[in-house]
Amino acid sequence: MTGWLIENAFLHTKKFSDQSAWYVRTAKRQGIDLRVFGNDRFLAAYGGSEDGLTNLGNRPDFVLFLDKDVTLARAFERKEIPVFNSPDAIAACDDKSVTHRLLSGQKIPMPLTFSVPMTFPGVGYSSFSFLDEIQHRMPYPFVVKECFGSFGAQVYLVRDRREAELLLEKLAGKPLLIQEFIKESMGKDLRIHIVGGKPVASMMRYNDRDFRANVTNGGRMKPWDPDDRQAELAVRVCEILGLDFAGVDLLYGKDGRPILCEVNSNAHIQNIYDCTGINVADSIIRYIGETCRDRGIR
Ligand SMILES: Nc1ncnc2c1ncn2[C@@H]1O[C@H](COP(=O)(O)OP(=O)(O)O)[C@@H](O)[C@H]1O
Ligand SMILES: [Mg+2]
């Protein structure tokens, strides 16, 4: 069986290239020939004599899509090449407001979340009356998130109206959401890796100095055995969003009740390995191999 791993060609840090090499080694051990390509190697192309994708050549049996270039992922899908995760699932996670929209009405506990009205860079907000609406429904502090962000770097806490206005003015033009701060979860969250509908590894992350528990932001980790409520919530979320695999972030609510924070379709696997010794890539590659065989591919 042959697969292509797609990584981002421009975000080429060691963290990403090490991870791609790790997947290749893991696949090799399972008898799968996995080759790595940047997302600039193939272009979605239409019109003229183009029919969807340049440079396709010998088609792989599957694509392991570890980038967020949803347009390219859709072009592979249109060529009827199985893509893991599917472009729809990647898109559902990439934009946090979309994640919350798709999960609402599905009995998934999540923080009260409001989308910030769209404006343009340089135009900003001539009125903050929408903050009145939000203040009316929940108390400060609020969590402000850029809809697209990772590693905690685009997640903020505002203590009052003044801080909220200053921050929004600074971020104006970016898609944003404002969210209830789950205070019981201050500096603490739970990462559960799900593969093929099953939890395969989990860790608690905690930070005494910051409300964000991300390891890249200074959080520490310890292995965690999720209880039934936590595991079921993470599995259910992946089912709704159509994810083959994901890193699900849960917050700790009152009485330990789990609350969905966000879902990562392209979760990194190094930290969870360092924390638990579990190679999540192993489960992901095995799941992809089995799924392809079930579909009659090789
Ligand atoms: N509503 C919230 N209440 C309390 N803590 C939060 C909330 N949302 C996020 N956090 C904290 O901030 C961290 C980063 O937020 P998250 O939505 O996971 O964004 P990122 O994609 O940057 O990881 C979480 O792991 C959690 O520790
Ligand atoms: Mg997160």
Side-chain angles (χ1 to χ4, degrees), residues 11 15 66-68 85 89-104 108-116 134 137-159 163-164 167 171 174-194 201-222 224 226 230 233-234 237-238 241 243 245-254 256-272 275 280:
L11 196 66
K15 186 168 176 166
L66 297 185
D67 191 21
K68 294 184 178 174
N85 279 304
I90 295 171
C93 296
D94 196 19
D95 182 336
K96 291 177 167 72
S97 71
V98 174
T99 312
H100 289 292
R101 189 184 76 229
L102 294 173
L103 295 178
S104 83
I108 299 297
M110 54 181 156
L112 183 56
T113 301
F114 301 89
S115 65
V116 172
I134 298 175
R137 290 168 171 83
M138 64 185 193
Y140 285 99
F142 298 162
V143 174
V144 178
K145 291 187 191 182
E146 298 182 29
C147 291
F148 300 91
S150 308
F151 309 123
Q154 290 82 17
V155 176
Y156 316 86
L157 194 64
V158 294
R159 283 171 297 187
E163 283 190 9
L167 179 66
L171 300 176
K174 294 178 174 172
L176 302 172
L177 58 82
I178 292 183
Q179 192 166 77
E180 173 189 5
F181 175 55
I182 306 297
K183 55 181 186 307
E184 296 80 6
S185 202
M186 171 88 180
K188 209 169 75 169
D189 80 353
L190 170 57
R191 161 61 61 89
I192 306 185
H193 285 265
I194 303 289
S202 312
M203 61 180 168
M204 185 213 238
R205 302 181 294 191
Y206 57 101
N207 190 334
D208 299 334
R209 291 195 215 114
D210 197 298
F211 78 101
R212 296 160 299 180
N214 305 71
V215 173
T216 309
N217 188 51
R220 308 189 34 208
M221 347 179 241
K222 62 178 171 197
W224 183 265
Q230 294 162 340
L233 176 56
V237 160
C238 290
L241 300 178
L243 289 150
F245 55 89
V248 181
D249 290 350
L250 302 181
L251 301 168
Y252 294 84
K254 265 195 201 104
R257 196 176 80 103
I259 298 176
L260 189 277
C261 177
E262 63 134 2
V263 191
N264 300 279
S265 59
N266 305 19
H268 281 258
I269 55 169
Q270 179 72 49
N271 287 337
I272 192 78
C275 178
V280 173

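We count ligands from 1, going down the list as the structure has it; atoms in each ligand are counted the same way.
- Among all protein heavy atoms, the one lying closest to atom 20 (P) of ligand 1 is Glu262 OE2, 3.5 Å.
- For the residues Asp189, Asp94, Val155, Leu157, the heavy atom positioned nearest atom 24 (C) of ligand 1 is part of Asp189.
- Neither side chain, Thr216 nor Asn214, offers a donor N or O lying under 3.5 Å from an acceptor on the other.
- Nearest protein heavy-atom contact of atom 26 (C) of ligand 1 is Leu251 CD2, 3.9 Å.
- Looking only at atom types and distance, the side chain of Glu163 has no donor-acceptor partner in the side chain of Tyr140 under 3.5 Å away.
- Looking only at N/O/S atoms, Asp249 comes nearest to the Mg ion (ligand 2) through OD2.
- Although no hydrogens or angles enter the test, the distance criterion places no donor-acceptor pair under 3.5 Å between the side chain of Lys68 and the main chain of Cys93.
- The closest non-hydrogen atom to atom 22 (O) of ligand 1, taken over Gly152, Ala213, Gly247, comes from Gly152.
- Residue contacts with ligand 1: Asp249 is placed with a nitrogen or oxygen under 3.5 Å of a nitrogen or oxygen of the ligand (distance criterion only).
- Of the N and O atoms on the side chains of His100 and Glu262, not one donor lies less than 3.5 Å from an acceptor on the other residue.
- Considering backbone and side-chain N/O of Ile182, one or more are found under 3.5 Å from N/O of ligand 1.
- Looking at atom 8 (N) of ligand 1, its nearest protein heavy atom turns out to be Lys145 NZ, 3.1 Å.
- At a cut-off of 3.5 Å, with distance as the only test, no side-chain donor of Gln270 or Lys15 sits close to an acceptor on the other residue.
- Electrostatic pairing of Asp249 and Arg205 counts as a salt bridge here, judged by a charged N lying under 4.0 Å from a carboxylate O.
- Among the candidates Val155, Ile182, Thr113, the single residue satisfying the side-chain contact (heavy atoms from CB on, under 4.5 Å) test with Val143 is Val155.
- At the shortest separation from atom 23 (O) of ligand 1 among protein heavy atoms lies Asn214 ND2, 2.8 Å.
- A donor-acceptor pair under 3.5 Å is absent between the side-chain atoms of Ser97 and the main chain of Cys147, judged by distance alone.
- Contact atoms of ligand 1 toward Gly149: 21 (O) (distance under 4.0 Å to a heavy atom of the residue).
- Across Lys96, Glu180, Lys188, Gln154, heavy-atom proximity to atom 19 (O) of ligand 1 is greatest for Lys96.
- Within Glu262, OE2 is the N, O or S atom that lies nearest to the Mg ion (ligand 2).
- Near Ser150, meaning under 4.0 Å from any of its heavy atoms, are these atoms of ligand 1: 21 (O), 22 (O).
- When the options Phe142, Phe148, Phe181 are ranked by their closest heavy atom to atom 4 (C) of ligand 1, first place goes to Phe181.
- For atom 12 (O) of ligand 1, the closest non-hydrogen atom of the protein is Arg212 CG, 3.4 Å.
- Taking the centre and axis of the six-membered ring of Tyr156, the NZ or CZ atom of Lys174 falls outside the cone set by 45° and 6.0 Å.
- For the pair Lys222 and Tyr206, the cation-pi criterion (under 6.0 Å, within 45° of the ring axis) is fulfilled.
- Looking only at heavy atoms of the protein, atom 11 (C) of ligand 1 is closest to Phe211 O, 3.8 Å.
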